[in-house]
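Chain identifiers are assigned alphabetically (A, B, ...) following the order of the sequence lines, protein sequences preceding nucleic acid strands; residue numbering begins at 1 within each chain.
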There are 2 protein chains.
Amino acid sequence: MTPHKTKARAATRPALAAPAQRPALSRAAITATARHIADTEGIGELTLRRVAAELGTGQASLYRHIAHRAELLALLTEDLAVSFPIVEPTQGEPPAEAIAAQWLAMYDFLAAHHWAAKVIAEGNHLATGTRSVLEHGLALLRAAGLSEADALRGYRALWHLLLGHLLNEHPFGHGSGAAPEPAGTEFEWALRRLIDGIGRMGTWHR
Amino acid sequence: MTPHKTKARAATRPALAAPAQRPALSRAAITATARHIADTEGIGELTLRRVAAELGTGQASLYRHIAHRAELLALLTEDLAVSFPIVEPTQGEPPAEAIAAQWLAMYDFLAAHHWAAKVIAEGNHLATGTRSVLEHGLALLRAAGLSEADALRGYRALWHLLLGHLLNEHPFGHGSGAAPEPAGTEFEWALRRLIDGIGRMGTWHR
DNA sequence: ACCTGAACACCGTTCAAGT
DNA sequence: ACCTGAACACCGTTCAAGT
């Protein structure tokens, strides 16, 4: 009658699998739940009450693992940052193309998580997980012949252009009458102009 | 005993001067108060309760003049937009310089009202008051030899670069160790690179 | 010692009761 | 008819009472 013949043994088992819907509360579990809510329902729905409910616990319990909401948002961006795309340049690819490919990949990635840009912009420091993307982006600029200082300036300029495009994406069209370009296309145009301008500081220019 | 000798005449006066601290509630009065709070104490302090208190009325009364908070923010940006700077190019000034001067002025202006970038980015449509700046910006790009379509793309690219710079200005430094450049200087570098790249689509290039 | 229900101090918005 | 105090449905955060 009982479908669980192994029930008696459960007590001796080292509890390796607690009921799936209630994994022990932890920063990781909280972050995962928050990420799921943000990805599927938007940052507006991401409240501590909601996270707690999803985890089957009380709101106050969250504060045993995070100091405040801002810390949860920081965890969220770090969680995302480890997946930031890195596009390795192909053999003989012109520097400008390699740079464009990297930043277009970043655009696509961040556009797919439309909460990210806002959270990153509001948070103070770019998550430490951004390190590898930063290093890669700087390397591409150095490879284009930029000085260390100009590479850093260029990186930040590209980042700000990206951020501006992501943050200004109104849900419902662009207001102006004429059929607007797809957002990705518009960013690519701007990106290539900026890379072009930055490149003139370096050794490539054609 | 009564300090108000003119009291009897008050009824016959056309109420041309109500007590100065209580001008009749209106959209303009509400906007002015909101603007003052945002400018002096930041957008975080701008609550409807606060506006109402400052005007000596109840919060509910505001809803006789505005539909919701978002409308107040829209009024706020329109109020600011009429003061957007327009920098006329001087005689014989190279197109790139004229464009740079215009956008640097915009940067300085918006940086001085640090709530503006966030509110504008969140609001759906750039306030109608932006029309003249838009027209001026487009004219400068057309004068540089850009097609109508490229002028529009260029304008939007410049706007997004500006927005990204304004929105990513963390209050406390840039996180990375080395002494960062002043924000305005950093924007100017990026701006000139972008203008440079955009210019290569036009007729000037040197 | 660890957890958490209930309360607190805020929001924006609505509504019924005042004039 | 117009105005608005009080309430409502939310927040993030804290605290005292539970285990």
TODO: Check the distance between dT14(D)'s C1' and Leu48(A)'s CG and give it to me in whole angstrom.
DONE: 13 Å

Open item on the list: Tell me which residues in residues 62-73 of chain B lie within less than 4.0 Å of DNA chain C, going by non-hydrogen atoms.
Closed with: Tyr63(B), His68(B), Arg69(B)

- [ ] Any salt bridge (charged side-chain N to carboxylate O under 4.0 Å, His left out) involving residues 108-117 of chain B? Give me the pairs, sequence neighbours left out, ordered by first then second residue.
- [x] none

- [ ] Count the heavy atoms belonging to other residues, nucleotides or ligands that lie under 6.0 Å from NE2 of His36(B), then report whether that count exceeds 12.
- [x] no

TODO: State plainly whether the residues Glu148(A) and Arg142(A) are in salt-bridge range, i.e. N to O under 4.0 Å.
DONE: yes

Open item on the list: Against the six-membered ring of Trp189(B), is Arg192(B) placed for a cation-pi contact (under 6.0 Å from the centre, within 45° of the normal)?
Closed with: no

TODO: For the side chain of Arg49(A), starting at C-beta, report the closest nucleotide among dC11(D), dT13(C), dT4(C).
DONE: dC11(D)

Task: dT4(C) phosphate, OP1 or OP2, under 4.0 Å from Thr57(A) side-chain N/O - done: yes

Open item on the list: Closest approach to the side chain of Ala60(A), judged atom by atom: which nucleotide of dA6(C), dA7(C), dA6(D) is it?
Closed with: dA6(C)

Task: Carboxylate-amine/guanidinium contact Arg35(A) Asp39(A), below 4.0 Å - done: yes

TODO: Would you sketch DNA chain C in dot-bracket for me? Only Watson-Crick or G-U wobble pairs with both distances under 3.5 Å count, crossing pairs as [ ], other-strand pairs as |, the rest as dots.
DONE: ||.|||||...|||||.||

Open item on the list: Assess whether a salt bridge exists between Glu181(A) and Arg156(B), defined as any Lys/Arg side-chain N lying under 4.0 Å from an Asp/Glu carboxylate O.
Closed with: no

TODO: For Leu141(B) and Asp150(B), run side chain to side chain contact (heavy atoms under 4.5 Å, CB included): C-alpha distance rounded to whole Å, both residues' side-chain angles, the deciding distance at 0.1 Å, then the answer.
DONE: CA-CA 8 Å; Leu141(B) 290 166; Asp150(B) 280 348; over 6 Å; no

Open item on the list: Rounded to whole Å, please give me the gap between CG in Leu46(A) and P in dC10(D).
Closed with: 17 Å

TODO: Answer yes or no: is there an ion pair linking Glu71(B) with Arg27(B), defined by an N-O contact shorter than 4.0 Å?
DONE: yes

- [ ] Return no unless some side-chain N or O of Ser61(B) is found under 4.0 Å from OP1 or OP2 of dT4(D).
- [x] yes

TODO: Take the angle between the ring planes of His113(B) and Trp115(B) and call it parallel below 30°, perpendicular above 60°, tilted in between.
DONE: perpendicular

Task: Protein-nucleotide distance (Gln59(B), atom CD; dA7(D), atom P), rounded to Å - done: 13 Å

- [ ] Starting at atom CD1 of Ile30(B), determine the distance to atom P of dG12(C), rounded to an integer number of angstrom.
- [x] 13 Å

